[in-house]
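Encoded as structure tokens, the structure appears first; notes follow it.
Source: prediction; values computed, not measured. All chains are named by letter (A, B, ...) in the order of the sequence lines, taking the proteins before the strands, and each is independently numbered beginning at 1.
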There are 2 protein chains.
Amino acid sequence: MPDRRAGAKAGLTRERVLDAALDYVDAHGLPALSMRKLGAQLGVEAMSLYRHVPNKDALLDGLVDRVMETAFTGLGAPSGDDWPAWLRAFAHGLRSALIAHPGVLPLAATRPVNSPDALRMSEGWLAAMRTAGLPLGRALDMVNVLATFTIGHTLAEVGQTPGHEGSEPDLDQHAAELDPAEFPNLLEVIATRAGLDFDSRFTQAVDILIAGYAALPRP
Amino acid sequence: MPDRRAGAKAGLTRERVLDAALDYVDAHGLPALSMRKLGAQLGVEAMSLYRHVPNKDALLDGLVDRVMETAFTGLGAPSGDDWPAWLRAFAHGLRSALIAHPGVLPLAATRPVNSPDALRMSEGWLAAMRTAGLPLGRALDMVNVLATFTIGHTLAEVGQTPGHEGSEPDLDQHAAELDPAEFPNLLEVIATRAGLDFDSRFTQAVDILIAGYAALPRP
DNA sequence: ACGACGATGCTTACACCGTAAGCATGATCT
DNA sequence: AGATCATGCTTACGGTGTAAGCATCGTCGT
């Protein structure tokens, strides 16, 4: 602590606090994040953070908003009949953003995002899909199903206990202890990597979903 | 604390500890669970629990195992060509179990399950689906995609901050503050409940996924 | 120019958390 | 009967989120 005199500014801002928190979580994992450590990262006491964030929970909500924002800025709204392509971009963009900040993923999975910006984007998407002829309920279904699937799939992909760096897809570690007579299929999975390619599995499932919705009759 | 003399048994067991923890989480939410409170619930000091559980993390893993167990006991393995029906039962059974213990859901979403029992079940499923003619990788894809989608969708369904009892699907609360001119579609969603029926949305998406996989060529 | 004021960051304090270490007691076995 | 072991309790430590109050700054109205 550089012995800053009280009253001297450290240039703290809600923005800077969130940035630092995101950096910290990316670097050390979600469970390691504490107000004191975050303060230290910013050269500030823990309680100083409370001038810019009401409490830790709100800070975590802010992190989720931040990541969602990066996921969807640049992604426009679906225009015309290209909503299947747009949905694909939506899902893949969301997945990329979540993978880029794995520490925030458990938060994104748990906390509903209701920031004004998020609502505004949803509104825009729904509006665009309606003008493309889709019923409102169907449009909402598609977006929600793709979002929840993406979150669920990415959770499994990032897997491992939150702050831990396990690299191996969680199955390989147990490979040695598996009785070859009892677990022939699991061992073959490990050996051939069949069904362990998250990328193509995700792409395929997303395409199936979109095609399935596209094939539905329009009531 | 009923002043039990040291050495006197309280009948503690890993089973009883897990049961109590599950009850506590169901009743008070995950964030409220602490070793001390769980001990109190069992008429015991916190440290006594450590005789039956190595640490809190292991206890949480145990909770996930417990719920997964209840989800899949009774669900047999797919036999013959009925794997689509089996997959449907798999997804709906998982969803029911997760909804029955919403407090455990964030844990189930975060921690990979690698208990011997879980591996044994996976092995059985894969074996059965292979004898039905499915490639190993395809079988694994389907199970994983359905599982991750179910978890993601149920997370959104249960939603709200973990320990909280908000009943309203998180959108209604903001309805009043929404500018009708700016958010016509979201307001129509709230008014008509179009696309807010989690049950039928889930069923539909699961059916789309299964039908999509069934329509895939077998390599 | 000056005094009041609001914003900022620091200090102190409290209740709670997970858990390491060691002890007392009863049950069980030889 | 004596030794051993499993069980639960006690104490203690370092960490957490955050309420309350204080010291100091920049800013602004007069």
Side-chain angles (χ1 to χ4, degrees), chain A residues 1-21 24-25 27-64 103 106-107 110-111 161-164, chain B residues 1-21 24-25 27-64 103 106-107 110-111 161-164:
Chain A
M1 213 62 23
D3 187 21
R4 184 186 22 268
R5 285 303 218 272
K9 303 217 169 147
L12 237 45
T13 300
R14 182 185 151 90
E15 293 300 298
R16 282 187 23 79
V17 170
L18 285 179
D19 283 348
Y24 196 93
V25 168
H28 306 93
L30 182 60
L33 178 68
S34 80
M35 299 303 273
R36 285 179 236 260
K37 294 195 205 139
L38 178 56
Q41 179 104 348
L42 286 160
V44 141
E45 292 302 314
M47 290 309 295
S48 303
L49 304 173
Y50 285 84
R51 292 283 166 187
H52 305 92
V53 158
N55 52 49
K56 191 183 181 182
D57 243 45
L59 185 150
L60 299 182
D61 283 341
L63 288 188
V64 176
L107 300 176
T110 296
R111 334 197 146 226
T161 14
H164 183 251
Chain B
M1 213 64 22
D3 188 22
R4 181 184 29 264
R5 285 304 216 274
K9 304 218 169 148
L12 237 46
T13 300
R14 182 185 151 91
E15 293 300 298
R16 278 182 31 75
V17 169
L18 285 179
D19 283 349
Y24 195 93
V25 169
H28 306 94
L30 182 60
L33 177 69
S34 79
M35 299 303 273
R36 285 177 233 261
K37 293 194 205 140
L38 178 56
Q41 180 106 346
L42 287 159
V44 140
E45 291 301 315
M47 289 310 295
S48 303
L49 303 173
Y50 285 84
R51 291 283 167 189
H52 304 92
V53 158
N55 52 51
K56 191 183 182 183
D57 243 45
L59 185 150
L60 299 181
D61 282 340
L63 287 188
V64 176
L107 300 176
T110 295
R111 329 191 154 232
T161 15
H164 184 248

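- No donor-acceptor pair under 3.5 Å is formed between the side chain of B:Lys56 and the backbone N or O of B:Met35.
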**Item:** A:Leu60 and A:Arg111: CA distance, side-chain angles, deciding distance, side chain to side chain contact (heavy atoms under 4.5 Å, CB included) verdict
**Value:** CA-CA 9 Å; A:Leu60 299 182; A:Arg111 334 197 146 226; 3.7 Å; yes

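- Of the listed nucleotides (C:dT19, C:dC17, C:dT11), C:dT19 has the atom at the smallest distance from the side chain of B:Ala46.
- Comparing C:dA13, D:dG8, C:dG18 by their nearest atom to the side chain of A:Arg36 picks out C:dA13.
- You'll find that the side chain of B:Ser48 is closest to D:dG8, out of D:dG8, C:dT19, D:dT18.
- Nucleotide C:dG22 holds its P atom 13 Å from the CZ atom of B:Arg51, rounded to whole Å.
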**Message:** Would A:Val64 and A:Thr110 count as a side chain to side chain contact (heavy atoms under 4.5 Å, CB included) here? Give the steps.
**Reply:** CA-CA 10 Å; A:Val64 176; A:Thr110 296; over 6 Å; no

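- The separation between B:Leu30 atom CG and C:dC17 atom C1' is 14 Å, rounded to whole Å.
- As a whole-Å value, the separation of B:Glu45 CD from C:dA20 P is 17 Å.
- Computed from coordinates, the A:Tyr50 OH to D:dA19 C1' distance equals 10 Å when rounded to whole Å.
- Toward the 5′ end of DNA chain D lies the nearest nucleotide of A:Ser34, the other residue of the pair A:Ser34 and A:Pro54 mapping further downstream.
- Remark: C1' of C:dG9 and CZ of A:Arg14 are 19 Å apart, rounded to the nearest angstrom.
- Atom CG of B:Leu60 and atom C1' of C:dG18 are 12 Å apart (whole Å).
- Rounded to whole angstrom, the span from the CG atom of A:Leu33 across to the P atom of D:dT18 amounts to 12 Å.
- Checking C:dG9, C:dG18, D:dT18 against every side-chain atom of A:Leu12, the shortest atom distance belongs to C:dG9.
- For the pair A:Leu42 CG and C:dC10 C1', the interatomic distance rounds to 15 Å; values are reported in whole Å.
- Phosphate contact (OP1/OP2 of C:dC16, side-chain N/O of B:Lys37, threshold under 4.0 Å): absent.
- Here B:His52 does not reach the OP1 or OP2 of D:dA6: none of its side-chain N or O atoms lies under 4.0 Å away.
- With hydrogens and angles ignored, the 3.5 Å screen pairs a side-chain donor or acceptor of A:Ser34 with a backbone N or O of A:Lys37.
- Taking CG of A:Leu63 as the start and CG of A:Leu107 as the end, the distance is 6.5 Å to the nearest 0.5 Å.
- Side-chain atoms of B:Met47 lie closest to C:dT19 of the nucleotides C:dC10, D:dG8, C:dT19.
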